[in-house]
Amino acid sequence: KDVDLNNLDITGVLIGKERRVLIKVGGQVYKFKEEEYLGPNGPKIKAILPGGIILVEQITNIYGEAEYIETAIPISK
């Protein structure tokens, strides 16, 4: 499962005991759960919410220190 973050659509979320998200990329639909990574070098799914997902990614800032960036991606309309 390697996902291009610039070309993805959140097609649905499954809320329950084990939350899942359906992500469509180039005609293919993939199912992910919380704490999974979107590809080998991609961000981690921190949370799956009724309106979309929260991704977290580690980067190195200009001082050479590790930082975490969170991105919210809503369900595609």
Side-chain angles (χ1 to χ4, degrees):
K1 299 177 190 176
D2 196 7
V3 176
D4 176 11
L5 295 179
N6 297 318
N7 186 29
L8 66 83
D9 290 318
I10 308 257
T11 58
V13 293
L14 306 169
I15 303 298
K17 186 176 180 180
E18 290 190 22
R19 294 174 179 225
R20 300 280 190 264
V21 61
L22 301 173
I23 298 176
K24 184 177 182 180
V25 181
Q28 293 270 353
V29 176
Y30 301 95
K31 183 168 49 168
F32 291 93
K33 59 185 177 179
E34 290 179 334
E35 302 298 317
E36 273 192 303
Y37 288 88
L38 298 180
N41 297 315
K44 180 169 70 170
I45 299 174
K46 181 178 179 183
I48 299 172
L49 307 169
I53 62 174
I54 306 290
L55 301 176
V56 65
E57 180 172 26
Q58 182 178 349
I59 62 161
T60 303
N61 66 19
I62 60 171
Y63 303 108
E65 302 165 334
E67 266 186 45
Y68 292 92
I69 298 209
E70 290 186 358
T71 305
I73 301 179
I75 292 179
S76 303
K77 303 221 181 234

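Here, residue 1 is the first one in the sequence, and each next residue gets the next number. This structure is a prediction, so every number in the text was calculated from the model and none was measured.
At a threshold of 4.0 Å, the pair Glu35-Lys33 does not count as salt-bridged, since none of the basic side-chain nitrogens sits closer than that to a carboxylate oxygen.
Counting only heavy atoms from C-beta outward, the side chains of Leu49 and Val13 never approach each other to under 4.5 Å.
To the nearest 0.5 angstrom, Asp9 atom CG is 12.0 Å from Leu22 atom CG. Taking NZ from Lys24 and CG from Leu8, the interatomic distance works out to 12.0 Å, rounded to the nearest 0.5 Å. The CG atom of Leu55 lies 6.0 Å from the OG1 atom of Thr71; values are rounded to the nearest 0.5 Å. Note: Ile23 CD1 to Leu38 CG = 5.0 Å, rounded to the nearest 0.5 Å. Of the inter-residue distances, the one linking Lys44 atom NZ with Glu70 atom CD reads 10.5 Å to the nearest 0.5 angstrom. Here Gln58 contributes atom CD and Glu67 contributes atom CD; the two are 10.0 Å apart, rounded to the nearest 0.5 Å.
Ile75 and Ile54 fall into different hydrophobic clusters, where Ile, Leu, Val, Met, Phe, Trp and Tyr residues are linked whenever their side-chain heavy atoms come under 4.5 Å apart, directly or through other members. Linking ILVMFWY residues whenever their side-chain heavy atoms come closer than 4.5 Å, directly or via other members, places Val21 and Val25 in the same cluster. Under the 4.5 Å side-chain heavy-atom criterion for ILVMFWY residues, a single connected hydrophobic cluster contains both Ile15 and Ile10.
Tyr37 and Phe32 get closest at one heavy-atom pair: O-CE2, 3.7 Å.
Counting only distance, with no hydrogens or angles, the side chain of Ser76 and the backbone of Thr11 share no donor-acceptor pair below 3.5 Å. Listed for the Glu34 side chain is a donor-acceptor partner under 3.5 Å among the backbone atoms of Ile48. In this structure, the side chain of Asn61 engages the main chain of Tyr63 through a donor-acceptor pair within 3.5 Å.
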